[in-house]
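Following: one structure in structure tokens, then a few remarks.
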Amino acid sequence: MATITVGSGGDHASIQAALSAGAVSNGDTIQLVSGYSVDERIQPSGLDNITVVGDVENPGNYDVYYSNPGTSYGFKTIDMNNCTNWTFKGFKGRYTGGFTVSSGFLHGGYNSNGGHLLEDLIIETSGYYGAAGLGDNTTYRRCKFDGSSHTAADNAYLLGPESTNGSGSLVESCLVLNSSYACIYLGTAGNPGPTIKNTTVYNNRTTGNASSIGIYILGDNAKVYNTTVGMDCLTSDGFTNDKALFFGSPTTSTASHCVLWGSRWGDNSDINSNVGST
């Protein structure tokens, strides 16, 4: 298990340069050099137990981003394939390119993946996703997800959706801001649902999809604790169907010690469930 430094003066110029050189093996740590700022598309494949870290005390000084200059369809900053148990922590991750469906910052690949940890990150996206396609038992802790740079009135997701049959994710102490559709969209039908706690979701966009949802959850026995959701997307800006918390397909679900506000859905309820008991 080696530590590979990337950035100016490091072992390699960038994350993708280290991957392309075959310098990264299972269990390694990729340490970003202070001031890291590289515009590139990162495509790891078949690697497990990798840590990518900047500095949890100063994540804004480490900028992992991709501008997608050709506005290629569906490109992400980090596009993983068959990777498990990665840790991302202590940096700013951005997708700054033009909006296309399936574009965004981080995607797990919808293949065999899971067990990831995203911690102390600032994630900003002008694309379709912030972080999505991640598998079972992925944890998001002390992260800020921000979609304020969305300019298109299209469906976009800041956190989620998960990979096929994804289950058991945990969102803890996160801040999720300004998606043009769903701020958090996690869980899959028929599988154990996610747990979301100590998290704040706020949406005050002035343009976006007519339906805007703070937290949309699928899966059985999903739980939301100590969480505040504020939907401040106005009907005058085209938002007619806001919902603070929506349980999509649970057998049972729990919401406890939450503040849920701003529904403009047809039933005017800030929390509801399609099936099961809440």
Side-chain angles (χ1 to χ4, degrees), residues 123-125 128-132 139-150 153-162 166-167 169-189 192-278:
I123 294 177
E124 300 173 357
T125 181
Y128 192 71
Y129 299 128
T139 295
Y140 311 86
R141 181 178 292 120
R142 295 186 306 272
C143 295
K144 176 183 177 182
F145 297 85
D146 193 343
S148 298
S149 58
H150 286 151
D154 292 287
N155 289 353
Y157 307 84
L158 291 181
L159 179 48
E162 293 182 295
S167 65
S169 57
L170 170 65
V171 180
E172 181 176 10
S173 302
C174 289
L175 177 61
V176 189
L177 302 170
N178 294 333
S179 173
S180 58
Y181 179 46
C183 291
I184 297 177
Y185 183 18
L186 291 175
T188 54
T195 296
I196 299 172
K197 61 183 181 179
N198 306 330
T199 287
T200 298
V201 177
Y202 182 60
N203 208 356
N204 69 338
R205 290 186 56 79
T206 58
T207 183
N209 191 279
S211 298
S212 185
I213 299 175
I215 300 176
Y216 192 123
I217 293 178
L218 300 169
D220 298 332
N221 199 26
K223 303 177 181 69
V224 183
Y225 299 129
N226 303 325
T227 287
T228 297
V229 183
M231 303 300 294
D232 203 11
C233 304
L234 303 178
T235 54
S236 59
D237 293 319
F239 291 90
T240 57
N241 290 321
D242 292 352
K243 179 70 69 178
L245 174 58
F246 189 94
F247 290 106
S249 61
T251 53
T252 62
S253 52
T254 300
S256 176
H257 296 83
C258 295
V259 177
L260 308 170
W261 178 86
S263 174
R264 295 177 182 83
W265 209 271
D267 57 11
N268 290 316
S269 62
D270 289 298
I271 178 173
N272 80 326
S273 175
N274 274 347
V275 296
S277 59
T278 300

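As the structure is a computational prediction, the values presented were derived from the model and not from experiment.
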Could you tell me if the side chain of [Y] sits less than 4.5 Å from the side chain of [X], heavy atoms only?
X	Y	answer
Y129	P161	yes
K197	L170	yes
Y202	T228	no
I196	I217	yes

Main-chain N/O of [Y] paired with [X] side-chain donor or acceptor, under 3.5 Å:
X	Y	result
R205	S212	no
N203	S179	yes
S149	G147	no
T188	G166	yes

What's the separation between atom [atom1] in [X] and atom [atom2] in [Y], rounded to the nearest 0.5 Å?
X	Y	atom1	atom2	result
S167	L218	OG	CG	12.0 Å
S169	L159	OG	CG	7.5 Å
K144	T200	NZ	OG1	12.0 Å
C183	L177	SG	CG	7.5 Å
I271	K243	CD1	NZ	9.0 Å
D146	L175	CG	CG	8.0 Å

### Verdict with supporting geometry, N178 and N204, side-chain contact (heavy atoms from CB on, under 4.5 Å)
CA-CA 6 Å; N178 294 333; N204 69 338; 2.8 Å; yes
### Message
Test side-chain contact (heavy atoms from CB on, under 4.5 Å) on T254 and Y225; report intermediate values, then the result.
### Response
CA-CA 8 Å; T254 300; Y225 299 129; 4.0 Å; yes
### Message
Does either side chain, that of T278 or that of S253, offer a donor lying less than 3.5 Å from an acceptor on the other one?
### Response
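On atom types as modelled, these side chains qualify, holding a pair under 3.5 Å.
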### Task
Measure up the Y181 and Y157 rings against each other and bin them: parallel (under 30°), tilted (30 to 60°), perpendicular (over 60°).
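Ring orientation of Y181 relative to Y157: perpendicular.
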### Task
Dump the intermediate steps for side-chain contact (heavy atoms from CB on, under 4.5 Å) on T125 and F145, then the final yes or no.
CA-CA 8 Å; T125 181; F145 297 85; over 6 Å; no
### Stepwise side-chain contact (heavy atoms from CB on, under 4.5 Å) test for T199 and I215
CA-CA 11 Å; T199 287; I215 300 176; 5.8 Å; no
### Contacts of type side-chain contact (heavy atoms from CB on, under 4.5 Å), residue A244, not counting sequence neighbours
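Checked A244 against side-chain contact (heavy atoms from CB on, under 4.5 Å); matches are V229, M231, L260, D270.
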